[in-house]
Amino acid sequence: MAYLDISKVGISFARAGIRTEVLREVDLQVERGEYVSIIGHSGCGKSTLLNIVAGLLRATAGGILLDGKEVNAPGPDRAVVFQNHSLLPWLTVRENVGLAVDKVFRGRKSRAERRDWIEENLRLVNMMHAAEKRPAEISGGMKQRVGIARALAMEPKVLLLDEPFGALDALTRAHLQDQVMEIHARLGNTILMITHDVDEAVLLSDRIVMMTNGPSATIGHILPIPLPRPRNRLELVEDAASVHARAAVLEFLYARHAAPALAA
Amino acid sequence: MSMTATKAALPPLRRTAEATTRRGSGHAGTLPRMAQPAAAPKRTPIGPKLASLAGSLATRILPPLVVIALLLLLWQLLCSRPGAGLPPPTKVLTDTWDLIVDPFFDNGGIDKGLFWHISASLQRVAIGFSLAAVVGVALGTLVGQSTWAMRGLDPLFQVLRTVPPLAWLPLSLAAFRDGQPSAIFVIFITSIWPIIINTAVGIRNIPQDYRNVSAVLRLNGFEFFYKIMVPSAAPYIFTGLRIGIGLSWLAIVAAEMLIGGVGIGFFIWDAWNSSKMSEIILALIYVGLIGFLLDRVVALAGNLVTRGTSAH
Ligand SMILES: Nc1ncnc2c1ncn2[C@@H]1O[C@H](COP(=O)(O)OP(=O)(O)OP(=O)(O)O)[C@@H](O)[C@H]1O
Ligand SMILES: [Mg+2]
């Protein structure tokens with residue numbers, strides 16, 4: 001059985017007496033150490049799916065198993081990096097990571113070990129130099145890096161990234177993508193990432209999950225990316241397999257499942 | 001129904017909240033910004049540094065001084081004519097000189113210096129306001145956190161908060177049969193509403209993101225309360241406290257006029273009964289200055305607690 005097993009997951013919301021089915025029969029198996037991206041048009045239900053895996057939302061149909069155990073509540077084994085960093089503004093960078101480390105490892109690591117662990121994770125994302133700064137004093141890219149450090153510090157079984165680089169400029173984004181790729185290569189994390197960016201999906205993923213448009217969105221197609229690692233963004237520009245993968249994703253998104261607003 | 005009622009009732013308060021915080025942070029922001037050019041280069045000689053400090057002081061203190069001087073002059077001119085209803089500033093000063101220079105005399109009974117009157121009023125405010133702060137934050141948290149508590153309590157709050165402070169006085173006199181606890185109760189009941197309402201707004205405005213973070217970390221109720229809820233709602237809570245302390249000071253002067261005894265409110269009433277206009281004017285100046293100081297103290301405490309970082 002797969003490490004993360006999402007089977008026949010569906011969810012509908014009732015608002016003002018009207019039920020809308022957002023997801024239907026979503027089936028996805030993710031292996032340990034695999035990097036899977038989810039791509040789809042805005043509003044199709046990507047964040048909703050990620051929140052179900054995180055346990056922040058309850059599926060109304062189907063279920064999720066992680067490492068053989070059923071997921072039914074949020075927990076640090078499924079750390080989330082949210083779309084808008086969600087650092088606590090009254091804590092410093094170190095304290096933000098510390099909040100997670102102290103909670104998750106209390107009783108398992110000594111105070112000194114926890115302090116070292118906090119610093120190790122800040123170093124992993126190159127943020128030690130700003131450890132005593134507050135979120136308002138650092139740039140958007142830095143905030144996102146701290147968010148990633150906080151999530152990694154929980155030693156999650158699966159790392160959930162909701163458009164982690166969506167709000168960043170192209171250069172910062174490329175830099176962070178390289179960092180995440182390096183961390184993934186070094187630690188072998190299992191990662192589920194939502195993205196809007198086709199190049200990003202091809203560069204980072206082992207597989208790309210393409211979702212159909214809502215309501216009742218589901219997985220339309222899963223594309224394996226058989227490119228060898230380590231990958232280099234410059235070489236991929238010309239690489240035939242990479243060009244082919246990009247074309248396949250673009251074809252899915254813009255020819256077969258055009259954005260609902262544009263198709264109408 | 002009660003949802004819409006709250007929403008309709010809250011915006012004005014929230015707007016006050018934002019206005020005060022913005023004003024507060026504006027103040028906090030101007031000082032460092034003005035000080036910075038002088039402080040930034042390390043090897044600046046002391047002379048220019050002092051000069052720029054003096055300059056910034058002058059730009060802040062000079063305009064109000066000029067305005068006050070002009071107003072005093074106008075007042076002097078208007079009230080110096082024979083048959084004027086109020087004494088001119090020079091007469092106020094000569095009439096009340098004894099009270100100004102010796103605020104600490106105590107001839108027993110209510111014949112005391114202004115220091116004693118003011119400190120009696122401040123004590124009542126301190127007790128009533130502290131009670132209101134504790135109870136208000138607790139109730140506000142409950143109302144902000146629980147939909148059911150909000151539905152049940154909010155309509156009650158919305159009606160009770162419009163009752164004028166002094167309307168509570170007869171009831172509390174009947175209940176406590178004594179002036180002192182009655183005055184404290186009036187302070188309590190006057191200042192608690194903005195504290196409750198602002199705290200509730202602050203709690204309800206805790207971003208979903210922070211709740212998600214705490215859910216992923218599995219913070220328990222207690223950890224959530226003091227690690228997420230209180231710091232996140234602190235700017236709102238302090239806005240409520242600031243409005244509350246202002247209302248307390250408004251209410252205490254009026255309440256003391258009615259209950260008598262020692263206190264700045266009764267001092268004013270007593271002066272009115274013996275037609276000592278100059279003493280009333282002196283007392284009003286003190287009341288204004290102390291109200292201003294109370295407001296600054298709560299604002300300062302708020303800035304310290306939120307460490308200058310508001311929720312956004
Ligand atoms: N709590 C909720 N109640 C009702 N409807 C909801 C709720 N959460 C999400 N939806 C609906 O589900 C749909 C999918 O939302 P979701 O945020 O998952 O989209 P998304 O794919 O992440 O979009 P984006 O790419 O813009 O972030 C939307 O139409 C949204 O209105
Ligand atoms: Mg989303």
Side-chain angles (χ1 to χ4, degrees), chain A residues 47-48 50-58 71-93 95-107 132-138 143 146-147 150-162, chain B residues 1 3-4 7 18 21-22 24-26 28-29 32-33 36 40 137 141 147 199 202-203 205-239 300-312:
Chain A
S47 295
T48 306
L50 200 83
N51 284 339
I52 295 173
V53 178
L56 295 166
L57 285 173
R58 288 296 290 268
V71 166
N72 48 21
D77 57 337
R78 281 153 289 125
V80 191
V81 176
F82 296 96
Q83 213 157 344
N84 43 355
H85 73 79
S86 70
L87 300 177
L88 303 177
W90 55 88
L91 299 180
T92 63
V93 162
E95 288 165 338
N96 264 289
V97 179
L99 178 73
V101 170
D102 287 343
K103 177 65 190 172
V104 174
F105 294 103
R106 189 186 304 151
E132 315 309 329
K133 293 228 164 86
R134 284 177 210 289
E137 301 166 329
I138 59 180
K143 282 182 219 173
V146 178
R150 176 174 65 182
L152 287 172
M154 300 179 207
E155 283 197 324
K157 289 179 174 165
V158 49
L159 189 59
L160 305 172
L161 309 175
D162 190 348
Chain B
M1 283 296 118
M3 281 279 279
T4 47
K7 285 212 181 106
E18 280 158 17
T21 33
R22 213 175 301 133
S25 63
R33 222 178 298 135
Q36 219 139 47
V137 169
T141 306
T147 316
T199 304
I203 299 285
N205 277 4
I206 295 177
Q208 187 59 38
D209 278 342
Y210 301 172
R211 294 181 187 275
N212 287 346
V213 168
S214 89
V216 168
L217 289 176
R218 295 212 178 116
L219 297 185
N220 60 38
F222 181 62
E223 290 167 330
F224 180 64
F225 178 75
Y226 80 96
K227 287 192 169 153
I228 309 278
M229 230 189 229
V230 170
S232 175
Y236 291 88
I237 294 175
F238 272 95
T239 301
L300 193 72
N303 279 345
L304 284 181
V305 169
T306 56
R307 295 187 226 155
T309 47
S310 61
H312 279 285

For [X], is it the side chain, the backbone, both, or neither that has a heavy atom closer than 4.5 Å to a heavy atom of chain B?
X         : answer
Arg150(A) : side chain
Ala100(A) : both
Leu91(A)  : neither

request  = Return the minimal non-hydrogen interatomic distance between Ala79(A) and Val216(B), and the atom names on each side.
outcome  =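 Looking at all heavy atoms of both residues, the shortest contact is CA-CG1, 4.3 Å.
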request  = List the atom of Pro74(A), the atom of Ala215(B), and the distance in Å for their closest heavy-atom pair.
outcome  =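 Nearest heavy atoms, Pro74(A) then Ala215(B): CB-O, 3.5 Å.
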task = Could you check Arg211(B) against Leu56(A) for side chain to side chain contact (heavy atoms under 4.5 Å, CB included), going step by step and ending with a plain yes or no?
result = CA-CA 10 Å; Arg211(B) 294 181 187 275; Leu56(A) 295 166; over 6 Å; no
ask   = Which residue pairs pass the salt bridge (Lys or Arg N to Asp or Glu O under 4.0 Å) test with at least one member in residues 80-92 of chain A, sequence neighbours excluded?
value =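 Residue pairs with at least one partner in residues 80-92 of chain A: there are none.
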query = With sequence neighbours left out, what residues match Lys103(A) under side-chain hydrogen bond (donor to acceptor under 3.5 Å, both in side chains)?
reply =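 By the side-chain hydrogen bond (donor to acceptor under 3.5 Å, both in side chains) rule, Lys103(A) matches Glu223(B).
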Between [atom1] on residue [X] and [atom2] on residue [Y], distance to nearest 0.5 Å:
X         : Y         : atom1 : atom2 : result
Ile228(B) : Leu99(A)  : CD1   : CG    : 6.0 Å
Trp90(A)  : Tyr210(B) : CH2   : OH    : 5.5 Å
Leu88(A)  : Lys227(B) : CG    : NZ    : 10.5 Å

query = Which of these passes side-chain contact (heavy atoms from CB on, under 4.5 Å) with Leu217(B): Val101(A), Asp102(A), Val104(A)?
reply =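 Answer after filtering Val101(A), Asp102(A), Val104(A): Val104(A).
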key: Side-chain donor or acceptor of Arg218(B) paired with backbone N/O of Pro76(A) under 3.5 Å   =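 Checking the backbone N and O of Pro76(A) against the side chain of Arg218(B), no donor-acceptor pair under 3.5 Å is found.
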Interface residue of largest heavy-atom contact number with chain B, from Pro135(A), Ser86(A), Gly75(A), under 4.5 Å =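 Ranked by contacts with chain B, first place is Gly75(A).
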